[in-house]
Enquirer: 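Sharing a structure here in structure tokens format.
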Amino acid sequence: MSLEYTSERGVELVSNANKIAQRVKELNDKARLVCVSKFKPASDIKALYDAGYRHFGENYVQELLEKAKVLPKDIQWHFIGGLQTNKTKDLAKNIDNLYAVETIDTEKKARKLNDVRAQCGKPIINVYIQVNTSGEEQKSGIAPEECLQLAKIIVNECPKLNLEGLMTIGSIVQSISSDENQDFKTLVEVSKKLEAELGRKLELSMGMSNDFEEALRQGSSSVRVGSNIFGSRPTK
Ligand SMILES: *Cc1c(COP(=O)(O)O)cnc(C)c1O
């Protein structure tokens, strides 16, 4: 996997990312931009890394492993894809610079990730609970009303996990509407309730290419932007 990129591609990527980063800063100067690089070559990531970007998001364990192996070790990787039980070990064990797993939506996944981190003697890993705020059946994520119970299990029974926040993928319908995004609103409400119950602050990972500005206006502290930076992806 080559890390070399053409100067043309480098300029294009950095200019795209800088535009988004600028907009993020204007709307919330403490928010983080996670560049979502799934299906894109490691050389694209290297171009952004060379311009100072450090947080990258990937959806597939195998793809993340391959990229993490060749790319600089101070990249902060976010796993944002569906977590399969049989891949948890690879993810938890083999990427030292894994920053967070953002897609915990069952007790089973939380316990499995916690156990693997303990078994292989790895440090505490940040996690986000993925919440299905839109109620769409095909979407992953735990139902809002079940979120507190899972949060308590993570906080009280998973010493190798640090609950950093909540994550959601808003519905398309909400992302193209010009009104307040109801899915983001739901995540904010769930988060407030959990913060009160748990007595700790939670980050909010919400907003993608189509809706990151609205997400920031509604309180997002971490946006995950892919196609606005890297261009469109091949359809699977
Ligand atoms: C692919 C993906 C993104 C980025 O989507 P874009 O619309 O390309 O910005 C963000 N979050 C998750 C969970 C994703 O799977």
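Counting starts at 1 for both ligands and their atoms, in listed order.
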Enquirer: How are the rings of Y99 and H55 set relative to one another: parallel (under 30°), tilted (30 to 60°) or perpendicular (over 60°)?
Expert: perpendicular
Enquirer: Does G226, backbone or side chain, put an N or O under 3.5 Å from an N or O of ligand 1?
Expert: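 So ligand 1 has an N or O lying under 3.5 Å from an N or O of G226.
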Enquirer: With heavy atoms only and a cut-off of under 4.0 Å, state how T103 meets ligand 1: side chain, backbone, both or neither.
Expert: neither
Enquirer: Output yes when E189 and K192 qualify as a salt bridge under the 4.0 Å nitrogen-oxygen rule, no when they do not.
Expert: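 Judged by the 4.0 Å cut-off on N to carboxylate O distance, E189 and K192 do not form a salt bridge.
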Enquirer: Considering only heavy atoms of I80, which atoms of ligand 1 have at least one such atom less than 4.0 Å away?
Expert: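 In order of numbering, the contacting atoms are 11 (N), 12 (C), 13 (C), 14 (C).
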Enquirer: Is it the case that S205 and E102 place a side-chain donor and acceptor less than 3.5 Å from each other?
Expert: yes
Enquirer: Give the residue, atom name and distance (to 0.1 Å) of the protein heavy atom nearest atom 11 (N) of ligand 1.
Expert: R224 NE, 2.9 Å
Enquirer: What residue and heavy atom of the protein are closest to atom 10 (C) of ligand 1, and at what distance?
Expert: M208 SD, 3.3 Å
Enquirer: Based purely on interatomic distance, does S209 place a nitrogen or oxygen under 3.5 Å from a nitrogen or oxygen of ligand 1?
Expert: yes
Enquirer: Measuring from non-hydrogen atoms of I169 to any atom of ligand 1, is the shortest distance under 4.0 Å?
Expert: yes
Enquirer: Enumerate the atoms of ligand 1 whose separation from the nearest heavy atom of V225 is less than 4.0 angstrom.
Expert: 9 (O)
Enquirer: Return the residue, atom name and 0.1 Å-rounded distance of the protein heavy atom closest to atom 14 (C) of ligand 1.
Expert: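 Protein heavy atom with the smallest distance to atom 14 (C) of ligand 1: K38 NZ, 3.0 Å.
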Enquirer: Hey, are D183 and S134 close enough side-chain-wise for a donor-acceptor pair under 3.5 Å?
Expert: no
Enquirer: Take I95 and L65 through the test side-chain contact (heavy atoms from CB on, under 4.5 Å) and record every step on the way to the result.
Expert: CA-CA 7 Å; I95 307 162; L65 284 170; 3.7 Å; yes
Enquirer: What part of H78 sits under 4.0 Å from ligand 1 if we count only heavy atoms: the side chain, the backbone, both or neither?
Expert: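 None of H78 does.
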Enquirer: Using a strict cut-off of 4.0 Å, indicate which atoms of ligand 1 neighbour a heavy atom of N59.
Expert: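 Matching atoms, with element in brackets: 14 (C), 15 (O).
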Enquirer: Below 4.0 angstrom from a heavy atom of M167, which ligand 1 atoms are there? Numbered from 1 as shown, please.
Expert: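 With M167 as reference, the close atoms of ligand 1 come out as 13 (C).
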